[in-house]
Each structure stands twice: as C-alpha cells, then as structure tokens.
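What follows is one structure encoded as structure tokens, with my remarks underneath.
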2 protein chains.
Amino acid sequence: MKKKGTPPTVSEVARAANVGTTTVSRVINGGERVSPKTLAHVQRVIDAMGYRPNQAARVLKGHRTKTIGLVIPSIADPFFSSCAEAAQAVAQANDSLLIVTASHNDPHSELENLNILISHRVDGLIVAPANSQSEGLRELLKSLSLPVIAVDRPVADALVPSVVSDNFKGARFGTQHLIEHGYKRIVCLTGESTLFTIHERMRGYRAAMESAGRAATLNTSVKDYRSAEYAIQSMLSGPNPPDALFTLKNSTTIYAFEVLQKLNVSIPKTIALLGFDDFELASTVRPSISVIQQPVEEIGRVAAELLFEQLLGIRSVTTQSKVKRARLVTLETRLIQRNSCGCSPSN
Amino acid sequence: MKKKGTPPTVSEVARAANVGTTTVSRVINGGERVSPKTLAHVQRVIDAMGYRPNQAARVLKGHRTKTIGLVIPSIADPFFSSCAEAAQAVAQANDSLLIVTASHNDPHSELENLNILISHRVDGLIVAPANSQSEGLRELLKSLSLPVIAVDRPVADALVPSVVSDNFKGARFGTQHLIEHGYKRIVCLTGESTLFTIHERMRGYRAAMESAGRAATLNTSVKDYRSAEYAIQSMLSGPNPPDALFTLKNSTTIYAFEVLQKLNVSIPKTIALLGFDDFELASTVRPSISVIQQPVEEIGRVAAELLFEQLLGIRSVTTQSKVKRARLVTLETRLIQRNSCGCSPSN
DNA sequence: AGCTGATTGGAAATCGTTTACTTGGTTTTG
DNA sequence: CAAAACCAAGTAAACGATTTCCAATCAGCT
C-alpha cells in the first residue's frame, strides 16, 4: 500500500513488475492472453502499489466515460430524489456513475448544466426539462450526438423519448372515483402553474367532469397556506359549497389539509380530500389522505434503462426502430385509498 | 450548429479558423495573449461548430476533473438528499460537478463506490461512512492522496475531517427541556442501531437524565409499527407509565405518533412527544410534533466548502494548519417548539 | 534438429488538450 | 538607424491508457 504522492501509472507498474505496459493493460482488463503466473504477479504488484487506472486516459482513447448525467429541478425534492436513486441503481448495474445537477426549473441554468455535462463527455443524459418548449433546449438536443431521455415532462415534438406518469388518466380516474362515490360538488385546487404535469392533471379533471355532465371548478391560486385558507374559506361560506376537494400537487394537498383541520371541517364527512402524488406522511396524518400515486422510482428506473438500452445498442437498425416506437413511455398511476374521501378500506 | 457525428476537436476548429491549436486553446481559456479580432473570429467558429472541449484530455494533462464524489447511504432519504443538494450547490459555485452514489449502509458497497470514484479521478470526496470503524475504509483513506470529508458520522481517530450535527448536545438539551417542563417519566425510544448518530443521542439522553438524578429508560426495539405498538402499550399498561417520549429518529417518531393516535392517547396531555430530527410534515400533523432539528443543508454545505478549501489551498502551510485545527466540525441543533410537548408556542 | 504454429510480451501510434519553446513581425528606444 | 523589447501565433512534446502490429519463446512434431 503506497503512501501519498502522484498516483502510479501503467508504465510504473510495468517497470516494477518487469513486464511491458501491454501486459499490465491486459491484466487490468480481464487478463486475456496473459499466462496465469504473470497475471498473478502483475496483479500483486498492482495491489501493492495501489494502482488504479486513470479513467481520463481511457476515455481519451475513445471509450465510454461510464458516466451519465441527470438534470432535475431539485435534488432535495422527494419525487426527484427517488427518481435519482432509481437511476443511480440502474447506472451502477451498468457499471456507470451518475452525476446529478439541479436546474431549479430555470431553463438557463438547465442549459448551462447540460453543456457542462456534455463537456465532461457523459455517455448519456436524463433531463426533467424546466420548460418543454424551450428553444435553447430543443436546439441543443438537435445538435447532440448522445442519447437523452426526458422524465416527468416530455420535450415538445417528442424530440427525445420521454418517461412520464399518466397525469391525465390519473386525474381523470381520481375525479371519476369521487363522482362515483356520490360527491356532488368536486372542486379542483392547485398552485398556479405552467408545468406540463399540472396541466395534464387539470385536463384529466376537466375530462371526467365533462363526461359526467358536471361543471368543472378549478382554482389555481393556492400557492401557500394563506391563499389556501382564503380560497377554502370563501368557497365554504359561499353558495353551493364543495363536498370534495381534488388537490393536484403535494403542497396544495398539505395546505388544504391544514386549513380544513384549522377550520374544524370534518374530513371526509363534510369535505372529502383527494390528492395527486403521494408523500411519506399522507398515510400518517389523521385522517390519512387518499391519493393518486405516481410510480416514482419506476420513472427513474425506466428512464435509465431506456438510456442504457440506447447506449448499448446503437448498432442495429432494429433497435433504432424500437426506440422510435417508444418515444413516449406513459406509466400508470394508481389510487391509494385511505381515509380522506369516504371510501375507506379496512381501517 | 453542427448536426451529428463525432464531436469536433481543437485541431478541427483550428483548421476551420485558419489558426493554430494554441490559439484556439487560448481562446477557450480566457483569451489571454490573443488579439481581439482573432479571438472574436475563433470564438465565432467555435460556436458555429458547437465545439466543447473534451474534459478527459484536459484532465489527462494534469488538471482537476472538476468533479467531486458523494457517497451516502441513500439518495432518496430526505436528510441525505438535502445534504446532496447543498453539496451540489457548492460544487457548482466552484465550477464542479457532483457524482452521487448510494452505499445502502453496506461497508463493502461503500468501498467499491469509493474505488470507482477514485478511478474516475474525482478531485475530492464526501462520505457518510457506513461504519466509523471499518478497517477497509480506514486503510483506503490512509493510502489516499485526495481530500476527503466525512459527514454525519466521523471516521475513527479523526482520520479525515468530519462535519456532524451535535447529536449529544441536541439530545441532552431536548431531554433537559422535557425535564424542565415538569415531565416526570421520560422514556427514550429508538430502533436498535449501532449508528454513531443514534449512539450519541442516547448518550445525550442519558447524560441529561443522570445529571437530573433520574433513571434513564431506553428502549431500542422500535423497528416498525408493530414493535412500537407493543413497546408503548406495555409501558402504558405497566406500572409507572411514561408521561413523555423522546424518539431518536424520524421513523421511530412517526411510529410512536401513529400508535398514540391509534390508542387515543392524548398528545401532549397524557403523553408528550419530542422527536430528534425534523421532517417535512412534523409541522402538519395534529398535534404538530416538536423536534430537535439538525442543520441538514448546512452539513452538506460546510462539508463541501471544507473540501474545496482544502482543494484550493494545498500550497500554504497556514491553510494546512487551519484544516488540521478543524478535524471535527460540530454544528448546533435547535429545538423547534410545536404542540406535542406541553410547551406550545403561540398557536 | 529443425520447422510450424500457437501463445505471450513489447514498441509505438493514438486519443484531444495544454504548454514550453519558437518564430516572425512590429514597435520602441538609445 | 540599428538594436532591443515585445507581441501574436505556431510547432511539437507531453499526459496515461489502449491497441495494432510485430517479435520472441516454446512445445510438439516429423
């Protein structure tokens, strides 16, 4: 075990072992075409010197960097960190590393991050685009020669394959579920948002209401506790108050829940609550909150798998068409029935 | 904007711009010693060709990889993902990328991850050691020539600088707080754990109880809802039931909360609850749960800052001694008073 | 013994960038 | 007016691993 200083190189190892660099290289890469005893000897020297091949040199010779990039709005966000965890696992299974950067939903920062990652010669990229329409992003993607997968939000025109959960169907199903359980006045709440996901969910809500012959009521002004309080209070004191709330994102769900608790409105007796997207403690609060759950880790996993599939099979035309076929992977959501919408399971 | 194919190189750019490679290189790196008009011209060509320098080649010439590695138990864990987010931000500010890997608290996997990162020639490492004592880790660290910072859990003998929150003081303070507010029988609950953090917290609880002349009661068997139910129920039906619970980790806090709710035990009237470590919805449940909060992002931030400090200032002896002085950075926790332990703030 | 053929090991080119050293041309100055 | 100083820009040699080709060795044959 060597102490400090500059890391040893192949030739140093070769000299120490009294062999050529070729032999050392072969030992490193599986030991083909090397006699068992030299192999053992060289391996011993390698271990003794604490030698580790320099990836940069390897990459320079035209090899993979064994590195993929992930650009997400925030690392701390539970949704994206679960995604990242799953993607990292797949990367590891494919002998690769995952580099994570946060765009904070800023298209400019996103572009910068992507450029840096490309400069580092990552083998592929997974991106949750800050903005599906962003011209900068689209231009970059067009000029790119490496595989890219979008997650959570597709890029306009399916420029790259995307993996998303079925926000539309999920929201429609959730709304239908409320309708079927007899709720008469179902109001949809969310923070004002231009995000693709929220947009799809609103569409799903509207579709379900429409096909049931109901009037859709959407309130997109719930940004914080205050606005939630205002919105809910005025609805309750107004004419024709809602008997069910469908909240389209976690923060909105939480605000609504808090407000209802504070106002001593009984859930689900007076008002039912159904949230889109699950969060750790939706099951812990009393009453526990029913939600439409997204297959979070699956999104990250499938995206990474798709990426490596593309990475490993660039040769065959068959693969290309296969990839072309799957420009948009839509993963199913499911309803987690808890106690907040009058459709209690066992407990 | 070039279409696809292999990425352009310096010499290609040089040829296209009718200059030497040196000039191109100079333009890339700030444009010193290049006339304004050639600079502009070369820059134009670079943009036109979509040229991006190959980091691998740059690294090979002995430069930083502008890359740091982070090895944590889990990426999806809120604590560590916040850490990661903060570390990434610092990395970005230092023009570097963050590579994240998950060890799942397995020392073997941890070692493997570290080796891979080292092979990729990361400039430095941040690790949350799976096991402070691990011989493999200690040996690796000793043989290493790059800066490493430990987070959350120090490495034995302060082999590398560590950034941790003050688990001992936090737990002692929390316990003292409960004592001061008149709770007579304060029981400490946690999952059985050999983790450094939990150990420190137990030590803190014991210290506080001891110096108050109380008998410490620790139950380390709360691993899931079932075991929590059993533990709490038997304590409640036994002689001398507790009037306060101090839970040492989030999962334990949640289980205890759920069980108390289920048993219709009033919080904090019958039993008070204080948790160690904060989580998003501790403030949302009713009653909201008071906790000892760790400076989560600060840990990640300080660790990364320390790393870059070491990375940038290897020259001066002053800096070395400064680093030596700060082998263990202990960050203060604070008590977040909510409604679960009889010491309610305003609401 | 000498030849064949398989097997193992080595020398050298290569990847794309940086950088020490030159070159040629201009400007300043004694 | 010549010499010194200066500046932009180019040439070529690294960096460390892979890889192609070639050389050497040795066993097994005839």
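In this entry the distance linking CZ of R52(A) with P of dA17(D) reads 13 Å, nearest Å. Counting to the nearest Å, the P atom of dC7(D) and the CG atom of L39(B) are 17 Å from each other. Remark: P of dA17(D) and NE2 of H120(B) are 14 Å apart, rounded to the nearest angstrom. At whole-Å resolution of the value, CG in L60(A) and C1' in dT18(C) are 12 Å apart. The interatomic distance linking R121(A) (CZ) with dT17(C) (C1') rounds to 11 Å, in whole Å. The CG-C1' distance, from N29(B) to dA8(D), rounds to 17 Å in whole Å. Separating the CD atom of E32(A) from the P atom of dA6(C) is a distance of 18 Å, rounded to the nearest angstrom. K61(B) has its NZ atom 16 Å from the P atom of dG16(C), to the nearest Å.
V155(B) is not listed as a side-chain neighbour of S132(B), based on a closest heavy-atom distance of 4.5 Å or more. Annotation: side chain of I99(B) is in contact with side chain of V122(B) (closest heavy-atom distance under 4.5 Å).
For N54(B), no side-chain nitrogen or oxygen approaches OP1 or OP2 of dC15(C) to under 4.0 Å. Distances shown here put a side-chain N or O of S35(B) below 4.0 Å from the OP1 or OP2 atom of dA9(D). Applying the 4.0 Å criterion to OP1 and OP2 of dT18(C), one finds that S25(B) has a side-chain N or O inside that range. The phosphate of dC15(C) (OP1 or OP2) has no side-chain N or O of H63(A) nearer than 4.0 angstrom. Phosphate proximity of dT7(C) to R33(A): absent, as no side-chain N or O sits under 4.0 Å from OP1 or OP2.
One N or O donor and one acceptor, one from the side chain of T22(B) and one from the base of dT11(D), sit under 3.5 Å apart. Evaluation of atom-type donor-acceptor distances gives a pair under 3.5 Å for the side chain of R26(B) against the base of dA9(D). For dA11(C), its base never sits under 3.5 Å from the side chain of T21(A) at any donor and acceptor pair.
Around NE2 of H104(B), the count of heavy atoms belonging to other residues, nucleotides or ligands within 6.0 Å exceeds 12.
Salt bridge status for E139(A) with K142(A): absent, with no side-chain N to carboxylate O gap under 4.0 Å.
Heavy atoms of T23(B) sit under 4.0 angstrom from primed sugar atoms or phosphate atoms, though from no base atom. Residue contacts for V19(B): at a heavy-atom cut-off of 4.0 Å it reaches the sugar-phosphate backbone alone, with no base atom in range.
Axis angle across the helix from dA1(C)-dT30(D) to dG30(C)-dC1(D), with five pairs used at each end and values rounded to 10°: 60°.
Although no hydrogens or angles enter the test, the distance criterion places no donor-acceptor pair under 3.5 Å between the side chain of N94(B) and the main chain of S96(B). Remark: side-chain polar atoms of Q55(A) are not paired, donor with acceptor, to backbone N or O of S119(B) under 3.5 angstrom.
One side chain, N113(A) or Q92(B), offers a donor N or O that lies under 3.5 Å from an acceptor on the other. A donor atom on one side chain and an acceptor atom on the other are found under 3.5 Å apart for D123(A) and T65(A).
Of the two residues contacting DNA chain D, namely A56(A) and T38(B), the nearest-nucleotide position lying further toward the 5' end is that of T38(B). Map G20(B) and S11(A) each onto its nearest nucleotide of DNA chain D; the residue landing nearer the 5' end is G20(B).
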